[in-house]
Amino acid sequence: MELIAYFWEQEDAAVVADLLDGEVRRGRFHGEDDDEDHPWMVVLRDVDQAVLDELLSENDGWIETITERSATAPPPLPNAPQRFKK
């Protein structure tokens, strides 16, 4: 599972990325135009949740999980037009 940790300060994001072997990126929220208001993201894979929670509380951060979408087949299409009224 992939986690994304958000931080308001670049230094906090860099510390967590170095400790947990993550990748720092600039995050964007929908509807925000000013680059200064965007948080810093750290993309993490396979981390210990207890260690991450402690680092988040120390560095004023929060996390979001990315869920994998299941690859299910769509429902079958009808063979012929369907009539709703007779």
Asker: Within a 6.0 Å radius of atom CG on D60, are there more than 12 heavy atoms belonging to other residues, nucleotides or ligands?
Answerer: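 No, not enclosed.
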Asker: For A13 versus V42, what's the shortest heavy-atom pair and its separation?
Answerer: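 That would be O-CG2, 3.4 Å.
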Asker: Kindly compute the distance separating CG (L19) from CG (N59), expressed to the nearest 0.5 Å.
Answerer: 8.5 Å
Asker: Angle between ring planes, Y6 versus W62, binned at 30° and 60°: parallel, tilted or perpendicular?
Answerer: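 If you compare the ring of Y6 with that of W62, the planes turn out parallel.
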Asker: Measure the CD-CZ distance between E23 and R45 for me, rounded to the nearest 0.5 Å.
Answerer: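 So the CD of E23 and the CZ of R45 are separated by 7.0 Å.
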Asker: Return the set of residues passing side-chain hydrogen bond (donor to acceptor under 3.5 Å, both in side chains) with D18 (not counting sequence neighbours), or none when no residue passes.
Answerer: none
Asker: Is the positively charged end of R26 above the ring of W40, judged by distance under 6.0 angstrom from the centroid and angle within 45° of the axis?
Answerer: yes
Asker: Does D48 CG have over 12 foreign heavy atoms under 6.0 Å away?
Answerer: yes
Asker: Are any of the side-chain heavy atoms of L56 and F7 separated by less than 4.5 Å?
Answerer: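 In contact.
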Asker: Is there a side-chain contact between I4 and L44 (heavy atoms, below 4.5 Å)?
Answerer: no
Asker: Can you list the residues that meet the side-chain hydrogen bond (donor to acceptor under 3.5 Å, both in side chains) rule with E58, with sequence neighbours excluded?
Answerer: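 E58 satisfies side-chain hydrogen bond (donor to acceptor under 3.5 Å, both in side chains) with no other residue.
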Asker: Return the CG to CD1 distance between L55 and I63, rounded to the nearest 0.5 Å.
Answerer: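 Going from CG on L55 over to CD1 on I63, the span is 11.5 Å.
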Asker: Got V43 and E2 here, is their nearest side-chain heavy-atom distance under 4.5 Å?
Answerer: yes
